[in-house]
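Index from 1, following the sequence.
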Amino acid sequence: MAATSLGRGWNGVAAELRSHPAGDLPAILPTQMEVTLATRRSPGAFVRRKGAGLRQRSAVEQGAIWLCPVGVGEDEIGISAPLDEILHIYLPADRFDALADLYGDGRIRADAIRYLADLRDPLIWQIGLSIRSELLRETSAGRMMVESAALALAARLAHAYGEDCPNNPDAAPEADCPKRIARAIDFIRDNLERDISVSELAEVACLSPFHFARMFKRVMGKTPHGFVSAERFELARRLLGDPDMPLVTVAHRSGFSNQAAFSTAFKRAMGCTPGDYRRRIP
């Protein structure tokens, strides 16, 4: 196990970054939608599996994607050679239930996604890379980014790989979106010290999560998680102006789970460590 989301507090999505030895894996009956991505090429390696009455064999090339829906038992899984780095993303069924409720389409179900191997989907690939990046290096608004990515991933799976595709467009109102986004911004600034989800912000704005994310980018010129990240760094800079406040307190109040992650992210964003920044304040 190279990295895991366990303990990160992510809602509606989990992920693991693993290396796998050659050999056979035990049969499984997944209770969550599993999306597996080969983030690196494993020369000469093949994965064979059997599920939903289908036998599949595919080379492990960078960018290869496997889908295993809820309830599809895999009774054969074999790996021909060690796999260097494999990303596993898990989406609970209620992610798809929320989509079905939003669009009023009962055909959207976690168990309606097809059992597929060796996909090449640029959108799923980019979503996977963003989740991998957050797994390896925690950021100030990373939880929000991951939960937004999970929504996009569920929508992509339902749209492109479901047995039936939804036809209803997103008809959420747009005329008063700037006022709705302003309410969300006020909420963000009042709650920077705690976890904030896109779903929560969408509820404040009285929009669907998908429509909220689009409208926020249109109004503010950046994504919700990008805005939250910038606001948290601004808060951190203000808190660092208090020489008596411990750095670990600054980290927690800026939305980070620990001081090390805060220091790494702060240096990446500001070009110096929090301690160096504090020493430069007149």
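- Across Leu67 and Arg49, no two heavy atoms sit closer than the pair O-NH2, 2.9 Å.
- For Ala265, the side chain to side chain contact (heavy atoms under 4.5 Å, CB included) test picks out Phe233, Phe256, Arg268, with sequence neighbours left out.
- A distance of 5.5 Å separates CG of Asp121 from CD1 of Ile65, quoted to the nearest 0.5 Å.
- Applying the ring pair (Phe, Tyr, Trp, His ring centres under 6.0 Å) rule to Tyr115 yields no partners; only residues at least two apart in sequence or on another chain are considered.
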field: Audit row: Ile185, Phe216, side chain to side chain contact (heavy atoms under 4.5 Å, CB included) steps and yes/no
entry: CA-CA 9 Å; Ile185 290 171; Phe216 194 98; 4.1 Å; yes
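- Although no hydrogens or angles enter the test, the distance criterion places no donor-acceptor pair under 3.5 Å between the side chain of Asn191 and the main chain of Arg194.
- With sequence neighbours excluded, the residues that form a side chain to side chain contact (heavy atoms under 4.5 Å, CB included) with Gln126 are Leu129.
- Distance alone, capped at 3.5 Å, is enough to place a donor-acceptor pair between the Ser197 side chain and the Glu200 backbone.
- Hydrophobic clustering places Leu136 together with Leu87 (ILVMFWY residues linked when any side-chain heavy atoms are closer than 4.5 Å, directly or through intermediates).
- Hydrophobic clustering (side-chain heavy atoms under 4.5 Å, transitive across Ile, Leu, Val, Met, Phe, Trp, Tyr) keeps Val13 apart from Ile86.
- Other members of a hydrophobic cluster containing Phe46 are absent, since no ILVMFWY side chain comes under 4.5 Å of it, directly or through relayed contacts.
- Residues Val60 and Leu17 do not share a hydrophobic cluster, defined by chaining ILVMFWY side chains whose heavy atoms lie under 4.5 Å apart.
- Distance check, rounded to the nearest 0.5 Å: OG1 of Thr39 to CD1 of Ile131 gives 12.5 Å.
- With hydrophobic clusters built from ILVMFWY side chains whose heavy atoms lie under 4.5 angstrom apart, Leu54 does not share a cluster with Met33.
- By the side chain to side chain contact (heavy atoms under 4.5 Å, CB included) test, Asp186 pairs with no residue at all, sequence neighbours left out.
- Here the closest non-hydrogen pair linking Leu29 and Gly71 is CD1-O, 3.3 Å.
- Summarising the local packing, CD1 of Ile28 is surrounded by more than 12 heavy atoms from other residues, nucleotides or ligands at distances under 6.0 Å.
- Just one residue in the list Glu147, Met144, His225, Met145 forms a side chain to side chain contact (heavy atoms under 4.5 Å, CB included) with Val198, and that residue is Met144.
- Between the Glu134 side chain and the Thr139 main chain, a donor and an acceptor come within less than 3.5 Å of each other.
- Residue pairs meeting the side chain to side chain donor-acceptor pair (under 3.5 Å) criterion with at least one member in residues 58-73, sequence neighbours excluded: Arg41-Glu61, Ser58-Trp66.
- Atom CZ in Phe262 sits 12.0 Å away from atom CD in Glu138 (nearest 0.5 Å).
- Of all the heavy atoms in Asp84 and Ser42, the pair that sits closest is N-OG, 3.1 Å.
- In the hydrophobic cluster analysis, where Ile, Leu, Val, Met, Phe, Trp and Tyr join through side-chain heavy atoms closer than 4.5 angstrom, Met245 is grouped apart from Val248.
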Between side-chain atoms of residues 237-244 and protein atoms elsewhere (two or more places apart, or another chain), which donor-acceptor pairs fall under 3.5 Å?
residue, atom, partner, partner atom, Å
Arg237, NE, Glu234, OE1, 3.4
Arg237, NH2, Glu234, OE1, 2.5
Asp242, OD1, Asp244, N, 3.0

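- With rounding to the nearest 0.5 angstrom, the CG atom of Leu157 is 12.0 Å from the NE2 atom of His159.
- One finds the CG atom of Leu247 at 5.0 Å from the CZ atom of Arg278 (value rounded to the nearest 0.5 Å).
- Two residues are said to be in side-chain contact when any heavy atoms from C-beta on lie closer than 4.5 Å; Ser254 and Phe266 fail this criterion.
- In plain terms, the two heavy atoms of Ala15 and Leu135 that are nearest each other are CB-CD1, 3.8 Å.
- For the pair Ile124 and Tyr161, the minimum side-chain heavy-atom distance is below 4.5 Å.
- Using modelled atom types, one side-chain atom of Ser130 and one backbone atom of Ile127 make a donor-acceptor pair closer than 3.5 Å.
- Between Val35 and Arg156 there is no side-chain heavy-atom pair separated by less than 4.5 Å.
- Taking all atoms of both residues into account, the shortest heavy-atom contact from Gln56 to Ala117 is OE1-CB, 3.2 Å.
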Using residues 89-99 as the side-chain source, report each donor-acceptor pair under 3.5 Å to any protein atom, sequence neighbours left out, with the distance given to one decimal.
residue, atom, partner, partner atom, Å
Tyr90, OH, Glu16, OE1, 3.4
Arg95, NE, Gly12, O, 3.1
Arg95, NH2, Asn11, O, 3.1

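- Checked for salt-bridge contact, Lys50 and Glu76 miss the test: no charged N lies under 4.0 Å from a carboxylate O.
- In this structure, the separation between OG on Ser140 and CG on Leu235 is 10.5 Å, given to the nearest 0.5 Å.
- Contact detail for Ile188 and Leu201: the closest heavy-atom pair is CG1-CD2, 3.5 Å.
- Legend: salt bridge (Lys or Arg N to Asp or Glu O under 4.0 Å) pairs involving residues 248-257, not counting sequence neighbours, sorted by first then second residue: Glu193-Arg253.
- By the side-chain hydrogen bond (donor to acceptor under 3.5 Å, both in side chains) test, Arg120 is found to be paired with Asp118, residues two or more places apart in sequence or in another chain being considered.
- Listed by chain and residue number, Arg143 satisfy the side chain to side chain contact (heavy atoms under 4.5 Å, CB included) test with Asp195 (two or more places apart in sequence, or in another chain).
- Residue pairs that meet the salt bridge (Lys or Arg N to Asp or Glu O under 4.0 Å) test with at least one member in residues 24-36, sequence neighbours left out, are Asp24-Arg48.
- Ser263 and Thr273 share no side-chain donor-acceptor pair at under 3.5 Å.
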